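All remarks here apply to the structure that follows.
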Amino acid sequence: MRLSSGHEVYGKNGVFIIAERPSGDVVSAFYAVEGSPGWWRGHAFGRVRRLFLPGAEPLTVAERFMRRP
């Protein structure tokens, strides 16, 4: 999956990695919080983040994690 920023998103089973293209360097990671529908936790730009995005697709969540706080 590719973000509009050109980053690639890889994942399965509710865990996702966002990587730079073409280097493949990991810039972010996030996962769906088990037992808490709509909640996502992850790491981006050196900060741990937690987002509530009920019913969101992984690409939407990735776009939100890549926004600078």
Side-chain angles (χ1 to χ4, degrees):
M1 298 180 275
R2 184 170 293 171
L3 298 176
S4 60
S5 63
H7 291 87
E8 284 288 331
V9 180
Y10 305 97
K12 63 180 181 179
N13 300 327
V15 178
F16 299 89
I17 302 295
I18 303 172
E20 295 260 344
R21 282 193 33 93
S23 68
D25 294 339
V26 173
V27 295
S28 181
F30 62 96
Y31 64 95
V33 178
E34 191 173 329
S36 298
W39 282 103
W40 297 82
R41 288 187 183 173
H43 186 274
F45 303 110
R47 299 186 67 174
V48 175
R49 297 187 67 192
R50 183 175 164 190
L51 300 173
F52 182 66
L53 299 169
E57 293 294 320
L59 281 178
T60 302
V61 177
E63 290 279 358
R64 289 287 301 274
F65 267 98
M66 291 302 292
R67 290 183 192 166
R68 293 218 181 243

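All values reported here derive from a predicted model rather than from experimental measurement. Note: hydrogens, waters and symmetry copies are ignored here, and every other heavy atom, side chains too, is used.
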Under 3.5 Å donor-acceptor, Arg49 side chain and Phe30 backbone: no
side-chain contact (heavy atoms from CB on, under 4.5 Å) assessment of Glu63 paired with Leu3: CA-CA 7 Å; Glu63 290 279 358; Leu3 298 176; 3.6 Å; yes
Pair Phe65-Phe16, side-chain contact (heavy atoms from CB on, under 4.5 Å): steps then yes or no: CA-CA 11 Å; Phe65 267 98; Phe16 299 89; over 6 Å; no
Less than 3.5 Å apart, which donor and acceptor atoms pair up between the side chains of residues 20-29 and the rest of the protein, not counting sequence neighbours?
from  : atom 1 : to    : atom 2 : distance (Å)
Ser23 : OG     : Asp25 : N      : 3.3
Ser23 : OG     : Asp25 : OD2    : 3.4
Ser28 : OG     : His43 : O      : 2.8

Salt bridge (Lys or Arg N to Asp or Glu O under 4.0 Å) involving Arg2 - partner list, sequence neighbours excluded: Glu8
Quick check on the hydrophobic clustering: are Leu53 and Val9 connected, directly or via other members, by side-chain heavy-atom contacts under 4.5 Å? yes
Should Val61 and Trp39 be regarded as members of a common hydrophobic cluster, given that ILVMFWY residues are connected when their side-chain heavy atoms come within less than 4.5 Å of each other, either directly or indirectly? no
Is it possible for you to say whether Leu59 and Val15 belong to one hydrophobic cluster, with membership spreading through side-chain heavy-atom contacts below 4.5 Å? no
